[in-house]
Amino acid sequence: MEIDLSPLDLPEFAAGAVWLVGSGPGAPGLLSLLALHALKQADDIVYDALVDKRILDLARPGCRGHYAGKRGGKPSPQQPDISNRLIELARRGGRVLRLKGGDPFVFGRGGEEAQALEAAGIPYRVVPGITAGVAAAAGIPLTHRDTNSAVSFVTGYASGGGLPEDVDWEALAKGAPLLVIYMALQNLDKIARRLIAAGRGRDEPVVIVSQATLPGQRVVETTLENAAADAKRAGIEAPAVAAVGRTVRLKRAGL
């Protein structure tokens, strides 16, 4: 059944503009109405590897798709090339939808694309999406007054494949009761060792979620010391998010 969005008075998607849109963690039901509005209006969609095909199928007939997926350790388009492509398509007069998994501004490099569009004088709009770190924690309250009043989101993977150099893991270990680690798998053993060295308990609970919200979702409940080995043993594959902290135990309480 087609959804009539006209009563919502949604903003116009003007020709020559770019919308940076978060498609959410994967499940089409978590797509925002504004994102759906963009899909129904766009002339060109530049989409990531993590965008579900069922979401792309919502685009209007005749819309042109442009794959721009980035996957760690595999040949991928370079970010400047993607940004230049957005500018090129907009200058042709199209309504350009840059469709990203999760949220464009949470480890999505949407900020870099926005800067490029701004410098080129291209009008753009940012449409938030549900970020993977929130979706992957389904069943785990990210904050709870009995366990933590703060949560930190951090990426476990730098563009070169190692740990991010600008992350102070010792400070994170001491300052954030709950850590949500994006792109966690490749460096999970290194991260665990750094956190343990900084004072986190070896038996601190960890949950690792792969393909959150999708039919192939996998969940592994483990401890900080055993997280990397248990993820490997279970055959967990990227994309995956890990949550570290006492709050993880509340998942077993059925919350």
Under 4.0 Å between a Lys/Arg side-chain N and an Asp/Glu carboxylate O for [X] and [Y]?
{"X": "Arg54", "Y": "Asp57", "result": "no"}
{"X": "Arg60", "Y": "Asp43", "result": "yes"}
{"X": "Glu113", "Y": "Arg85", "result": "no"}

Considering only heavy atoms from C-beta outward, does the side chain of Arg98 approach that of Asp48 to under 4.5 Å?
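In contact.
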
With heavy-atom distances below 4.5 Å as the criterion, would you say the side chains of Leu31 and Ser23 are in contact?
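Yes; the side chains approach each other to less than 4.5 Å.
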
Give a yes or no on whether the backbone of Pro80 and the side-chain of Asn84 come within a donor-acceptor separation of less than 3.5 Å.
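Pair found, side chain donor or acceptor close to backbone of Pro80.
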
Can any side-chain N or O of Thr247 pair as donor or acceptor with the backbone N or O of Leu142 at less than 3.5 Å?
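No; judged by distance alone, with no hydrogens or angles, the pair does not exist.
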
Pairs meeting criterion salt bridge (Lys or Arg N to Asp or Glu O under 4.0 Å) with involvement of residues 180-191, two or more places apart:
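Checked against salt bridge (Lys or Arg N to Asp or Glu O under 4.0 Å) - neighbours excluded - the pairs reaching residues 180-191 are Asp189-Arg193.
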
Non-hydrogen atoms of Gly156 and Leu163 that approach each other most closely:
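Smallest interatomic distance, heavy atoms only, reads O-CD2, 3.7 Å.
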
Of the non-hydrogen atoms in Arg246 and Pro205, which two are nearest, and what is the gap between them?
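Closest approach of Arg246 to Pro205, heavy atoms only: CA-CG, 4.0 Å.
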
Step through it carefully: locate the ring centre of Trp19, locate the ring centre of Phe13, and say whether they are under 6.0 Å apart.
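Ring-ring flag for Trp19/Phe13: true, centres closer than 6.0 Å.
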
Once rounded to the nearest 0.5 Å, what's the spacing between atom CD of Glu12 and atom CZ of Arg95?
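One finds 8.5 Å between CD of Glu12 and CZ of Arg95.
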
Give a yes or no on whether Glu237 atom CD has more than 12 heavy-atom contacts from other residues, nucleotides or ligands under 6.0 Å away.
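12 or below, so no.
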
side-chain contact (heavy atoms from CB on, under 4.5 Å) with Pro28: which of Ile55, Leu36, Leu56?
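Single pass found, and it is Ile55.
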
